[in-house]
There are 2 protein chains.
Amino acid sequence: MRRKVTLKQIAKELDVSISTVSKSLRDSPEISEDTRLKVQAFAKLYNYKPNNIALSLKNKKTKTIGIIIPEIVHHFFATVISGIEQVANESGYNVIVCLSDESFDKEVINMEMLANGSTDGFIMSLSKETQQKKDFHHLQEVINQGMPVVLFDRISNDIMCDKVIIDDQLAAYEATNFLISKGLKKIALLTTVDYVSVGKLRTDGYLNVLLDHGIEVDESLIIRIEDTEHCDEKINELLENKTIDAILAVNELFAVTAIKLAMSKGIKIPEDLSVVAFTDGIISKYSTPTITTISQNGIKMGRKAAEMLINRLELEDEDDEHYRTEIIETNLIIRESTKS
Amino acid sequence: MRRKVTLKQIAKELDVSISTVSKSLRDSPEISEDTRLKVQAFAKLYNYKPNNIALSLKNKKTKTIGIIIPEIVHHFFATVISGIEQVANESGYNVIVCLSDESFDKEVINMEMLANGSTDGFIMSLSKETQQKKDFHHLQEVINQGMPVVLFDRISNDIMCDKVIIDDQLAAYEATNFLISKGLKKIALLTTVDYVSVGKLRTDGYLNVLLDHGIEVDESLIIRIEDTEHCDEKINELLENKTIDAILAVNELFAVTAIKLAMSKGIKIPEDLSVVAFTDGIISKYSTPTITTISQNGIKMGRKAAEMLINRLELEDEDDEHYRTEIIETNLIIRESTKS
DNA sequence: AAACCTTTCGAAAACGTTTTCGTGTTGAAA
DNA sequence: TTTCAACACGAAAACGTTTTCGAAAGGTTT
């Protein structure tokens with residue numbers, strides 16, 4: 001068990017000062033070639049690598065990005081992390097991941113843990129509970145301390161910081177418009193409860209397009225699903241009591257569940273019922289039929305978020321109070337679940 | 001912008017020494033109640049929290065676990081991280097995630113980065129390239145330095161450390177046995193190239209069960225798929241040239257692809273062809289038909305790995321050279337893709 | 001020989017903690 | 001009054017770096 005070697009140990013071995021060793025390894029011109037080479041050779045032999053913690057303490061920079069997301073077992077969030085990690089890696093940053101499990105308290109705890117020196121900044125997506133409570137003091141605190149924060153997907157307009165989102169409202173509008181253009185009129189919406197920011201926006205887009213086409217909104221076609229447990233039940237209710245042409249679902253799970261239930265009732269997809277879902281993930285690509293989706297490029301979202309954060313970290317301009325909101329374009333990926 | 005307050009600042013404000021402040025906050029009996037309360041009140045007012053980096057440097061412990069996995073956009077790995085994070089969180093540890101992208105070099109770089117003080121130990125799953133090259137010097141180095149390492153899923157017997165796996169061979173044996181018990185004989189195997197440890201083991205299990213039942217092994221029924229690009233092609237070839245009863249696939253993707261291709265050829269599942277897949281993920285649960293799988297509980301695997309690592313970290317027994325290999329039980333989840 | 005410059009190195013501070021040890025003050029016991 | 005313990009606090013080291021500044025040694029210029 002050969003423990004890591006430090007500058008001090010090298011200095012002692014070679015009978016020089018710590019400063020000399022440090023300078024030698026950083027190729028300082030202050031040091032004669034003789035000693036420089038000697039030190040470098042010795043350091044290489046013992047595989048010296050500077051201690052990151054000591055560097056962090058000295059430089060007041062950790063080269064680490066904190067990511068706080070509701071959950072990781074969710075394809076979209078996994079792709080975002082992947083995107084973040086890509087550009088973080090390119091710039092010599094590490095990422096430390098914390099999960100809030102959709103809990104406000106866990107979000108706060110994690111944030112406070114990481115804020116005490118562990119990271120240089122945050123990239124996060126708000127938990128459901130946080131969005132519901134509208135309590136953002138933990139974010140505000142961190143921002144006030146001068147740590148940059150980038151929010152993505154589940155954001156809040158109450159927080160002044162950089163953001164990266166998709167235009168949920170527009171995407172919902174266009175997707176619904178696509179269905180209407182196929183001659184479909186009775187379009188149901190499977191969405192979440194309104195306090196989830198993206199659910200609300202997608203619902204708004206759906207409502208707007210109906211309005212613009214002079215289609216009367218039938219509130220009973222809008223199903224707000226709180227938790228996935230009651231998903232089946234509520235969708236069943238819809239399918240049995242209403243005759244509908246099409247479904248817009250705010251996520252893959254709602255869509256695939258609806259398709260399965262419909263097919264089991266003898267409803268043909270897409271002949272009798274067209275389905276479009278948000279979030280282009282694994283399920284849509286591999287289910288039968290494959291599902292037409294609104295792509296929500298998580299990789300790109302993660303990359304952009306990381307770029308914005310690192311940009312702010314490297315810019316020592318301190319307080320550039322000009323926050324940006326980047327919008328990642330979506331596009332409709334047409335597959336088998338919609339009429340052609 | 002109110003920066004974080006330090007002991008030194010509090011000491012200056014209150015006109016006491018740094019030590020007094022530190023001791024007061026840690027409720028040391030050395031300090032009089034007067035000053036103790038005064039300091040604590042002041043600290044609370046300014047929301048003092050000790051700096052993690054400074055603590056790490058002092059204690060030579062970071063309370064951070066390094067996770068290095070091939071990729072995160074993969075349901076199984078995401079669940080493992082989730083499991084790790086659960087117990088890490090319970091014990092006050094953070095996790096820092098690095099992705100190797102199946103590349104040996106990235107694995108080495110990430111490991112060296114984290115090994116220089118950033119983490120107390122590692123939990124990892126080897127990249128394909130690493131398993132192919134059989135070069136584990138980076139792992140050995142870290143272990144020699146006294147940092148504990150726990151390998152999961154993609155492991156190597158050449159490395160002496162704690163491990164947590166499923167019994168791939170047994171699971172493959174039992175799954176194939178299940179197919180045979182349904183009267184199926186011509187069972188194809190969709191597997192990976194042999195250097196992927198789990199692929200090899202699953203193949204072995206498949207071979208053993210055929211041997212035990214006196215079924216002749218038809219090498220042309222064993223399809224070794226290197227990259228997912230040629231997946232379709234190779235499976236098509238199999239379906240067209242051979243008549244088979246059943247398929248055992250070493251992952252969900254191979255299984256769902258095979259099912260789709262088979263159905264497009266008019267082959268009925270499960271009447272004409274039964275399919276069993278390794279890794280119980282999202283796809284199997286939501287595809288049509290749903291797929292019978294061998295559950296590989298990622299959460300449990302992650303939890304166990306984290307427990308083993310933290311155990312070693314907290315045990316200051318130093319070198320307990322007695323390494324364990326934990327086996328997570330699997331079970332067959334029977335769904336629609338197999339005959340009943 | 002005096003003054004000065006260059007080269008080469010070391011001492012020390014700094015980052016923010018914790019902890020050991022020393023020390024001054026007070027009160028009580030001798 | 002002296003002695004001693006208890007109490008309350010501060011100085012300093014330590015963790016591992018980097019960097020500023022000072023200084024010794026040697027050589028060069030007047």
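Computed from a predicted model, the values in this text were never measured in an experiment. The chains referred to below are lettered A, B, ... by the order of the sequence lines, with proteins before strands, and numbering in each begins at 1.
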*Checking only heavy atoms, does the side chain of B/Thr35 share a donor-acceptor pair with the base of D/dA8 at less than 3.5 Å?*
no

*Describe the nucleic acid contact of B/Ser32 in one word from base, sugar-phosphate, nothing, applying a heavy-atom distance below 4.0 Å.*
sugar-phosphate

*Report which part of the nucleic acid B/Leu7 touches: base, sugar-phosphate, or nothing (heavy-atom distance under 4.0 Å, all strands).*
base

*Is the base of D/dT20 touched by the side chain of A/Lys23 through a donor-acceptor pair closer than 3.5 angstrom?*
yes

*When we call it a touch if two heavy atoms are under 4.0 Å apart, what does B/Lys8 touch: a base, just sugar-phosphate, or nothing?*
sugar-phosphate

*Between D/dC9, C/dG10, C/dT19, spot the one nearest the side chain of A/Ser17, thanks.*
C/dG10

*Hey, does the side chain of A/Ser19 come within less than 4.0 Å of C/dG10's phosphate (OP1/OP2), counting only N and O?*
no

_Tell me which one of B/His322, B/Arg312, B/Arg324 satisfies side chain to side chain donor-acceptor pair (under 3.5 Å) with B/Asp162._
B/Arg312

*Indicate whether OP1 or OP2 belonging to C/dG16 is found under 4.0 Å from a side-chain N or O atom of A/Lys60.*
yes

*Check the distance between C/dG16's P and B/Asn59's CG and give it to me in whole angstrom.*
16 Å

*asked:* Regarding B/Lys58, tell me which of base, sugar-phosphate or nothing describes its non-hydrogen contacts under 4.0 Å with the strands shown.
replied: base

*Could you check how far CZ of B/Arg26 sits from P of C/dG16, rounded to whole Å?*
17 Å

*B/Thr6 near the nucleic acid: base, sugar-phosphate alone, or nothing, with a heavy-atom cut-off under 4.0 Å?*
sugar-phosphate

*Cut-off 3.5 Å, side chains only: do B/Thr130 and B/Ser127 have a donor facing an acceptor?*
yes

*Does a salt bridge link B/Asp120 with B/Lys63, judged by any charged N lying under 4.0 Å from a carboxylate O?*
no

_Atom-to-atom span, CD1 of A/Ile31 to P of C/dG10 - whole angstrom_ = 8 Å

*Provide, to the nearest angstrom, the distance between the CD1 atom belonging to A/Ile18 and the P atom belonging to D/dA13.*
14 Å

*Rounded to the Å, how far apart are A/Leu57 CG and C/dA14 C1'?*
9 Å

*asked:* Rounded to whole Å, how long is the line connecting atom OH of B/Tyr46 with atom P of C/dG16?
replied: 17 Å

*Given B/Phe104, which of B/Gln132, B/Lys128, B/His138 fulfils the side-chain contact (heavy atoms from CB on, under 4.5 Å) condition?*
B/His138

*Euclidean distance, atom CD of residue B/Glu30 to atom P of C/dT18 [Å, nearest integer]*: 14 Å

_Interatomic distance where NZ belongs to B/Lys61 and C1' belongs to C/dT18 [whole Å]_ = 14 Å

*Check the pair B/Ile10, B/Phe42 against side chain to side chain contact (heavy atoms under 4.5 Å, CB included), reporting the backbone distance first and the verdict last.*
CA-CA 8 Å; B/Ile10 298 182; B/Phe42 192 91; 3.7 Å; yes

*Taking only the side-chain nitrogens and oxygens of B/Ser22, find out if one of them lies under 4.0 Å from OP1 or OP2 of C/dT17.*
no

